[in-house]
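Everything on this sheet refers to the single structure shown next.
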Amino acid sequence: MTDRRYPPVESQPSFPAIETEILERWKNDDTFAASLEKRPAGSGEPDEYVFYDGPPFANGLPHYGHLLTGFVKDAIPRYRTMKGQRVDRRFGWDCHGLPAEVEAEKQLGISGHPEVAAFGIEKFNEYCRTSVLRYTNEWERYVTRQARWVDFENDYKTLDLPYMESVMWAFKTLHNKGLIYEGYRVLAYCWRCETPLSNTETRMDDVYRDRQDPALTVKFALDSGEKILAWTTTPWTLPANLALAVHPDVVYAVIEIDGEQLILAEARLDSYEREFGEAQRVGTLLGSDLVGRTYQPLFDYFSDTESAFRILGADFVTTQDGTGVVHLAPGFGEEDQNVCLEAGIATVCPMDSHGCYTSEVTPWAGQHVFEANPAVIKHLKQVGVVVRHDSYDHSYPHCWRCAEPLVYRAISSWFVEVTAVKQRMLELNQQITWVPEHLKEGSFGKWLANARDWSISRNRFWGSPIPVWKSDDPEYPRLDVYGSLAELERDFGVVVTDLHRPAVDDLIRPNPDDPTGRSMMRRVPEVLDCWFESGSMPFAQVHYPFENTEWFEQHYPGDFIVEYIGQTRGWFYTLHVLATALFDRPAFSTCVSHGIVLGDDGQKMSKSLRNYPDPMVVFDTYGADAMRWYLLSSAILRGSDFSVTESGIRETVRQVLLPLWNSWYFLSLYANAEGTSGTWRTDSSNVLDRYILAKTAQMVERATKDLDAYDLFAACSGIREFLDVLTNWYIRRSRDRFWEGDKDAIDTLHTVLDVLCRVSAPLLPLLSETVYTGLTGNQSVHLADWPSASELVSDPELVLVMDRVREVCSVALSIRKAHARRVRLPLSELTVSHSDAQQLSGFIDIIADEVNVKRVSLSHETSAAASAVLQVNPGALGPRLGGRTQDVIKSVKSGDWRQEGDQIFAGDIELFEGEYSLKMAVTPGAASAALGDGLGMVTLNIEVTPELAAEGTSRDLIRLVQQARREAGLEVSDRITLTLGVSDALRNLMQPFLEELSSETLATSLRWADGEANTNLDGEAIFIGVERASISPR
RNA sequence: GGGUCAGUAGCUCAGUUGGUUAGAGCACCGCCUUGAUAAGGCGGGGGUCACAGGUUCAAGUCCUGUCUGACCCA
């Protein structure tokens, strides 16, 4: 067993090469599957941990945002697995939705509803299907390369028939609960493409362009006698006017001209100078005074509309332009519609899908609304209500496909009545843990509180169908909602194998309520918002409730989801809506929400700006673990945005990966030189060993706490700090012991690295795997158990004392620096003066060695080089003294304090135990420095005797020889013959140190000879010759 | 216009229930070290904690307002 050797470890590793090797091994051994099998599913909590994969939309390659989310989606499940829980991870694909259609249209060179219909819905959808799956292989390649373990074979797709059936079930269940209704929703609409546009589409670049429109100011006759002026840039909407809006707080002027009293915002009077320059001001009103007044409609097409033709109050009214009075046509404006709905005014929309007036607007029926503008204006002028007609330049949205100006139009839509469950959603939100925490009551909570009904239908082709069939004859109305394939089969008599259009549209049957047998039941044409589908993921991925009902009950809500912060309005929200409405439960118990990944210039990542390193290049240059650590240790996991820079990734390699690797290299080097390897042991009595084991235990505790809190940022910091202690203290101070093959040291470092690898496994899965498997010979670190601090050493006192030792050394080195005494130059004595100095007694060898002094003295006396300084403790002082606290602090700072026996006075005020401490300050110029707690100090004897100087020179010489060995390319254990060419004086000076020189440099012989000087010692040019000795005893 | 978050060193960010002299990494400068060495250590400069008020014995921290930025909503 003990003759086991570590595998050879490269001193200068290629991390990408190591990573691909591990990935290959995982693939061959199917380590992921093994890690699942090792944790058999039990009865749900607590031996299972439920992770929901938020489906990406894969119509492009993954970018940093996806990779970051993927790293978190991997790290947390790996951690939970090591903690003993089973974590199934199914990959999910979001397949439906507008991006797929847009991509298909682009590739097919067609655009808009009429063209798609002409092309054929079946062919079009078939194209969408292949298009969305085109990138799946690439995605798998990236995800695998980033070392994310996820089940691709058992993935779920929103286009799968079982998935779609579950979505259908959800729709019907909501309908049965009375939470689905059909209504109107105003959307941006392209009359040429005959399609509504989504928010995303109206926010694309180049959508807003300057355009000149007619601007019309018209008079509405109030029933109270005055006329109120409204302004519009869409005169064609005036026939559909149903109300006017004023701002309740705006001041409106009443003016009189030509016997008419006119009302408009006071702030707008100036801009109507031309028309009303002669008018008399006869009154002033607040908007709130006007609210509720009624007026005569301009047209009589909708004159019997209930509650219409009134003045309403609305906050969005401004006095930036127009008259401060807004004409409302609820069918043609979203705000118009909202205000009107609140006032109980129905939505009318006398425009057909081609943008032409319907027959309701009799004179211009069939005419395109834009073309009808002049006719409408002409008519209004004829009836004498036009006050002004001019033109207006403004930025106006255009269709991004066909560049025609858009209109806003009320579209028939299906809604989920979110407002009915809003209260419950807020309550259930209380059960969710949010990271960062402020999201709960912040963005998410506020968003819930203002939730409006959710429009879930889309006038599109590629998606889950709205499962509603309607009678095509209003004489015999009937509406059927379907919730399963079986129901469809029952009514339509065919086996349904595809729920996509057009197959699903072909399901037609006679209306059972129509005795004439003429009317037919036809599906409504819309498809579902794809967010409805992704929100259905927890149950739809397992085909609930048609299958897996028991499984679902045990795995809902999920334990953990993570996505970027924007999903508070997206996936997080739709999950929560459906969970509340369907199951009266939250969908997830913890949600991590990270920020946005930016380019190296702080701007959004942009291919054209080339402001970020290509992920695959980073994988090939630095490796996936470097990228993972870099992202996971950044503030992005605390919700803020974060710039990815190549230098940052390089820095990660230097600060994290290399130290870990170097520690492993170091251990393997010396253990293998000794012909041995380490074993798990925590019982070394060496203080350094005990210290690092205790530090390791603390590191484990902290990492566990941080990972339990999903604080990957903090977990990374803790490990990094530990790496510093490990490499810059433990290993550096223990070099000699390793050189001597000390088994305690080898076993201890072996044990520490074992634990470190396991703690790092979620955060550096590839590197920790290489080290761990090399170290232990075990199959995988990811099959290991998460370490527990109790496996190690608990010795908080030792940790405290050793940390004090490190501080003493650090202070001593700074004194050397201040007095220009290089470390190779031995000094005679270091004195630590501290009331607790004796606790360092077991460590004086370590200190002496580290700071290169002959002797370390411990003293509890205050050194002459220091003077006492009083420090107050305001925390204790404040409660007793109140307002006088500051006086005391001021006195003490100005030196106005004194000690009388046991009593301490600051000014006139006596201070008591606990309210102050007496500390030491160092006299300037002395070779001493205070310790951090101010209760002690370190003094260095900086006198350099000739003996010490000579010894220092000998150390310089040893170092030069070592350098020469290295330059000669010798192995660490090679013996050498050494040739020195120095002056006689120097040779005499070195005489006492020659034995040490030989043993330190493994010189089997030392020859004095001349030679051309090739280096320099203490200002003297000397020659050093190094040759490999022929016999190597090892 | 409203909301959320943020504003701390040249850059990226920590800063725990208010408490003495506000920290880290990077970058810069200087020094040192080297049998882990194309690595590492020590030290230095660099801060009106965005601004203005307020609460308090005491504010980077709590409150109010303003400004700036990001995101969301309108």
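Keep in mind that what you see is a predicted model, and the values were worked out from it rather than measured. In what follows, chains are A, B, ... by sequence order, proteins preceding strands, each numbered from 1.
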| message | Using OP1 and OP2 only, check whether a side-chain N or O of A:Arg824 sits under 4.0 Å from B:U33. | response | yes

A:Val938 and A:Ile815 have their tightest heavy-atom pair at O-CD1, 3.5 Å

Counting only Watson-Crick and G-U wobble pairs with both atom distances below 3.5 Å, the stems of 3 or more consecutive pairs that include RNA chain B are B:1-7 with B:67-73, B:10-13 with B:23-26, B:28-32 with B:40-44, B:50-54 with B:62-66

Give me the distance, rounded to whole Å, that separates B:G65 from B:G3 when you measure between the P atoms they each carry. 9 Å

- How far does the C1' atom of B:U64 sit from the matching atom of B:G47, given to the nearest Å? 26 Å

Ranking A:Ser11 and A:Arg955 by the position along RNA chain B of their nearest nucleotide, the one closer to 5' is A:Arg955

Between A:Glu850 and A:Thr1001, whichever has its closest RNA chain B nucleotide further toward 5' is A:Thr1001

Between B:G23 and B:U16 - P atom distance, rounded Å
14 Å

Closest of B:U4, B:A36, B:U12 to the A:Phe642 side chain is B:U12

A:Glu651 atom CD is separated from B:C11 atom C1', nearest whole Å, by 12 Å

How would you label the contact of A:Arg720 with the nucleic acid (heavy atoms, under 4.0 Å): base, sugar-phosphate, or nothing? sugar-phosphate

List the steps, then state whether ring pair (Phe, Tyr, Trp, His ring centres under 6.0 Å) holds for A:Tyr64 with A:Tyr630. CA-CA 12 Å; A:Tyr64 280 94; A:Tyr630 174 63; 8.7 Å; no

Checking A:Trp531, A:Trp447, A:Trp434, A:Tyr564 against A:Phe572 for ring-ring contact (aromatic ring centres under 6.0 Å, His included), the one that qualifies is A:Trp434

Separation of B:C42 atom C1' from A:Ile815 atom CD1, nearest Å, is 13 Å

When rounded to whole Å, the CD1 to P distance for the pair A:Ile636 and B:C5 reads 19 Å

Closest of B:A36, B:C42, B:C72 to the A:Asn662 side chain is B:A36

query = Using atom C1' of each nucleotide, how far apart are B:C72 and B:C63 to the nearest Å?
reply = 26 Å

Nearest heavy-atom approach of A:Tyr6 to A:Gly678 is OH-N, 2.8 Å

Notebook entry, point to check: Considering residues, nucleotides and ligands other than A:Glu910, do more than 12 of their heavy atoms fall under 6.0 Å from its CD?
Noted result: yes

- Roughly how far apart, to the nearest Å, are B:U17 and B:G10 at atom P? 28 Å

Ranking B:C71, B:U33, B:C13 by distance to the side chain of A:Arg822, first place goes to B:U33

request  = Using the P atom on both, measure B:A6 against B:A14 and round to a whole Å.
outcome  = 9 Å

When every non-hydrogen atom of A:Ser593 is compared with those of A:Ile565, the smallest separation belongs to OG-CA, 3.0 Å

Side-chain contact check for A:Gln655: nearest option of B:C42, B:C71, B:C26 is B:C26

Considering only heavy side-chain atoms of A:Ser663, the closest of B:U4, B:C72, B:A36 is B:A36

Against the side chain of A:Arg654, the closest entry in B:C26, B:U33, B:A74 is B:C26

*Taking OP1 and OP2 of B:G40, is either one under 4.0 Å from a side-chain nitrogen or oxygen of A:Asn728?*
no

A:Val823 has its side chain closest, among B:A36, B:U33, B:U4, to B:U33

In whole angstroms, the gap separating P of B:C32 from CZ of A:Arg959 amounts to 10 Å

For A:Ala626 and A:Ile649, the nearest pair of non-hydrogen atoms, with its separation, is CB-CG2, 4.0 Å

Quiz item: B:G60 and B:U20: how far apart are their P atoms, nearest whole angstrom?
Solution: 10 Å

* When we call it a touch if two heavy atoms are under 4.0 Å apart, what does A:Leu658 touch: a base, just sugar-phosphate, or nothing? -> nothing

Atom OH of A:Tyr564 and atom P of B:A70 are separated, to the nearest Å, by 16 Å

- If only side-chain N and O atoms of A:Lys446 are considered, is one of them under 4.0 Å from the OP1 or OP2 phosphate oxygen of B:U4? yes

A:Tyr730 atom OH is separated from B:G40 atom C1', nearest whole Å, by 19 Å

Atom CG of A:Asp849 and atom C1' of B:G41 are separated, to the nearest Å, by 15 Å

| Got A:Val1026 and A:Thr1001 here, is their nearest side-chain heavy-atom distance under 4.5 Å? | no

Subject >> Phosphate contact (B:A36 OP1 or OP2) by A:Arg735 side-chain N/O below 4.0 Å >> reply: yes

Discussion item. What I want to check is whether the side chains of A:Thr1004 and A:Arg975 have a donor and an acceptor closer together than 3.5 Å.
Written reply: no

(message) By the 4.0 Å heavy-atom rule, please label A:Ser717 as base, sugar-phosphate, or nothing.
(response) nothing

- Item | salt_bridge(A:Arg806, A:Asp803) N-O dist < 4.0 Å | yes

Taken to the nearest whole Å, CZ/A:Arg733 to C1'/B:A36 is 14 Å

Q | Phosphate contact (B:A74 OP1 or OP2) by A:Arg452 side-chain N/O below 4.0 Å | A | yes

Same-atom distance (P) from B:A38 to B:G44, integer angstrom
29 Å

